[in-house]
Amino acid sequence: MKEIIQKDFEIFLGPEILEKLSEILINKEYSKIFVLMDSNTHKQCWPILSPYLVNYETIVIPAGESNKTLQYAEFIWEKFQNSFADRKAVLLNLGGGVICDLGGFCAATYKRGIDFINIPTSLLAMVDASIGGKLGLDFKSVKNSIGLFQHPKYILINPFFLKTLPQEEIRNGLAEVCKHALIDDQSLFQKLAKKQEHDWENAGALIFQSLKIKATIVKKDPHEKGLRKGLNFGHTIGHAIESYSLTKDKHPLKHGEAIAIGMICEAYLSNHLLGLSKNDLKEISQYFMQRFPKYAEKLSYNLLEDYLKNDKKNDAGQINFTLLKKIGKTKLDMHCSEELIQASLEFYSQL
Ligand SMILES: NC(=O)c1ccc[n+]([C@@H]2O[C@H](COP(=O)([O-])OP(=O)(O)OC[C@H]3O[C@@H](n4cnc5c(N)ncnc54)[C@H](O)[C@@H]3O)[C@@H](O)[C@H]2O)c1
């Protein structure tokens with residue numbers, strides 16, 4: 001079993017995490033155990049976990065981002081309260097990023113905070129959403145607008161759960177795996193680029209390499225004051241495209257698909273502003289073009305302007321970017337002209 005032990009949280013990865021969970025629950029002597037899951041993880045993942053638990057209560061919510069709401073937070077708090085949960089209760093979050101974000105938020109606020117343990121079941125949650133302590137929900141259609149920072153006590157990762165994860169959700173997580181490589185580990189990027197497809201349910205070492213990058217950055221900058229901005233590579237243009245697609249498209253782009261386009265565009269900006277080599281730009285563009293569908297919409301600065309200007313990463317009215325000096329090395333707090341953003345979108349359109 002691989003592990004990362006930090007002051008605020010511990011990460012364990014491997015098939016043994018289910019036994020590890022039983023051990024933790026016995027040692028901690030929790031007064032009550034709640035398990036939160038969505039309708040899909042209830043069906044696919046709960047049968048794997050349940051034999052390792054005794055005396056628990058399950059809470060199941062419908063699957064999907066549209067349920068990361070105050071309404072479902074109330075539903076969860078009500079379950080705690082109706083079962084007389086005290087501050088020695090624990091919540092196990094069995095699911096993707098939605099369950100980890102919402103469950104963590106409910107646990108961190110119930111009676112001023114009870115312990116929670118993340119058991120991520122999507123690739124995105126394994127390498128990203130379950131780690132870093134950002135918790136919250138979407139409010140009045142604004143993503144993640146209510147929330148707080150609080151780490152789970154443990155993050156227990158068994159890649160075997162990925163066996164049932166749909167291919168498009170694997171691709172969603174792949175964008176973040178690749179982002180970690182691009183900002184911090186050139187050799188990891190080369191490893192990813194060599195293979196068209198990975199057998200993710202047996203790719204514990206690869207998942208571990210990726211999540212270690214996030215865990216290390218989070219340890220150095222828990223509240224996103226500096227270094228953690230490195231994780232935003234691809235996310236300024238990517239988020240704007242994601243928001244645009246959410247309002248305009250019948251079948252909106254998934255987060256990972258939008259971020260993949262954002263990384264191509266921001267690699268282009270990196271080439272122009274920081275001298276990222278032409279070869280690196282070509283490798284990054286090829287990587288995403290070969291694995292992600294091309295967005296049919298012709299993107300332009302004008303279409304994205306409002307979203308870019310409303311980005312929470314901006315400072316003093318300037319659109320803020322994290323760019324690459326080379327693969328594996330970032331530069332934070334970069335700004336650029338509208339014309340260059342437009343040129344980066346045209347670069348993507350012509351690929
Ligand atoms: N807190 C953070 O730092 C952070 C970071 C990135 C993303 N996020 C949040 O994470 C969310 C996205 O996460 P996600 O992509 O995991 O979304 P998700 O939780 O909606 O999971 C995606 C889909 O996969 C299903 N699923 C999950 N595991 C499965 C399995 N093993 N087998 C079959 N189906 C399974 C889910 O039911 C869902 O339908 C967003 O709300 C985003 O804001 C948070």
Side-chain angles (χ1 to χ4, degrees), residues 9 36-49 60-69 72-73 93-105 107-108 116 118-139 141-152 155-177 179-180 200-201 207 210-211 213-215 217-218 221-224 228-235 238-239 242-243 246 252-260 262 312:
F9 61 91
L36 175 68
M37 48 207 141
D38 70 24
S39 44
N40 293 330
T41 59
H42 181 232
K43 189 165 163 216
Q44 308 287 3
C45 308
W46 176 234
I48 301 169
L49 179 65
V60 182
I61 65 169
E65 180 74 27
S66 57
N67 304 301
K68 207 172 101 176
T69 56
Y72 277 103
N93 292 320
L94 179 69
V98 168
I99 290 295
C100 293
D101 277 13
L102 181 65
F105 175 78
F116 63 101
N118 284 344
I119 308 169
T121 60
S122 70
L123 182 58
L124 183 96
M126 288 182 190
V127 300
D128 192 0
S130 68
I131 304 154
K134 280 188 186 175
L135 314 171
L137 45 84
D138 307 333
F139 184 60
S141 306
V142 181
K143 253 188 83 114
N144 300 326
S145 69
I146 308 289
L148 72 160
F149 283 98
Q150 179 73 264
H151 289 291
I155 300 154
L156 304 176
I157 302 170
N158 187 351
F160 181 75
F161 283 124
L162 298 176
K163 202 175 168 55
T164 54
L165 191 70
Q167 237 350 279
E168 57 173 16
E169 295 298 344
I170 292 278
R171 201 165 54 207
N172 207 18
L174 179 63
E176 299 294 351
V177 173
K179 182 198 74 185
H180 289 159
W200 285 105
E201 62 199 86
I207 292 171
S210 178
L211 72 87
I213 293 169
K214 176 154 184 189
I217 293 175
V218 163
D221 177 21
H223 294 108
E224 203 166 299
R228 195 164 170 169
K229 291 184 191 170
L231 294 164
N232 292 333
F233 172 63
H235 280 59
H239 269 156
E242 185 182 13
S243 305
L246 274 172
L253 290 173
K254 290 206 157 279
H255 175 75
E257 291 167 348
I259 296 309
K312 62 178 178 292

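Whatever order the structure lists ligands and atoms in, that order sets their numbers, starting from 1. The model shown is predicted, which means the values in this text are computed figures rather than measured ones.
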Provide the number and element of each atom of ligand 1 under 4.0 Å from a heavy atom of [X].
{"X": "T164", "result": "30 (C), 31 (N), 32 (N), 33 (C)"}
{"X": "D101", "result": "1 (N), 2 (C), 8 (N), 9 (C), 43 (O), 44 (C)"}
{"X": "T41", "result": "27 (C), 28 (N), 29 (C)"}
{"X": "C45", "result": "30 (C), 31 (N)"}
{"X": "K134", "result": "1 (N), 3 (O)"}
{"X": "S122", "result": "14 (P), 16 (O), 28 (N)"}

Suppose we measure from [atom] to each protein heavy atom; which comes out shortest, and what is that distance?
{"atom": "atom 25 (C) of ligand 1", "result": "N40 ND2, 4.0 Å"}
{"atom": "atom 26 (N) of ligand 1", "result": "L165 CD1, 3.6 Å"}
{"atom": "atom 13 (O) of ligand 1", "result": "L124 CD2, 3.0 Å"}
{"atom": "atom 31 (N) of ligand 1", "result": "F161 O, 2.9 Å"}

Looking only at heavy atoms, is any part of [X] under 4.0 Å from ligand 1, and if so is it the side chain, the backbone, or both, or is it neither?
{"X": "N172", "result": "side chain"}
{"X": "K214", "result": "side chain"}
{"X": "D38", "result": "side chain"}
{"X": "L162", "result": "neither"}
{"X": "K143", "result": "side chain"}
{"X": "V98", "result": "both"}
{"X": "A129", "result": "both"}

(request) Establish, from distance only, whether the side-chain atoms of H255 and E65 form a donor-acceptor pair under 3.5 Å. (result)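 On atom types as modelled, these side chains do not qualify, holding no pair under 3.5 Å.
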
(message) I'd like to know if the side chain of N144 pairs up with that of K134 as donor and acceptor (distance under 3.5 Å, no hydrogens or angles considered).
(response) no

(request) Kindly indicate, with the supporting measurements, whether the criterion salt bridge (charged side-chain N to carboxylate O under 4.0 Å, His left out) is fulfilled by R171 and E257. (result) CA-CA 8 Å; R171 201 165 54 207; E257 291 167 348; 3.0 Å; yes

(message) Using the ring pair (Phe, Tyr, Trp, His ring centres under 6.0 Å) criterion, which residues pair with F149? Sequence neighbours excluded.
(response) H223

(request) Closest by any non-hydrogen atom to atom 43 (O) of ligand 1: pick that one out of E169, E65, Q44, K68. (result) K68

(request) Would you mind telling me which of I119, L36, N118 makes a side-chain contact (heavy atoms from CB on, under 4.5 Å) with L94? (result)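 Only match with L94 under side-chain contact (heavy atoms from CB on, under 4.5 Å): I119.
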
(request) Report the residues that fulfil side-chain contact (heavy atoms from CB on, under 4.5 Å) with T164, sequence neighbours left out, ordered by chain and then residue number. (result) Q44

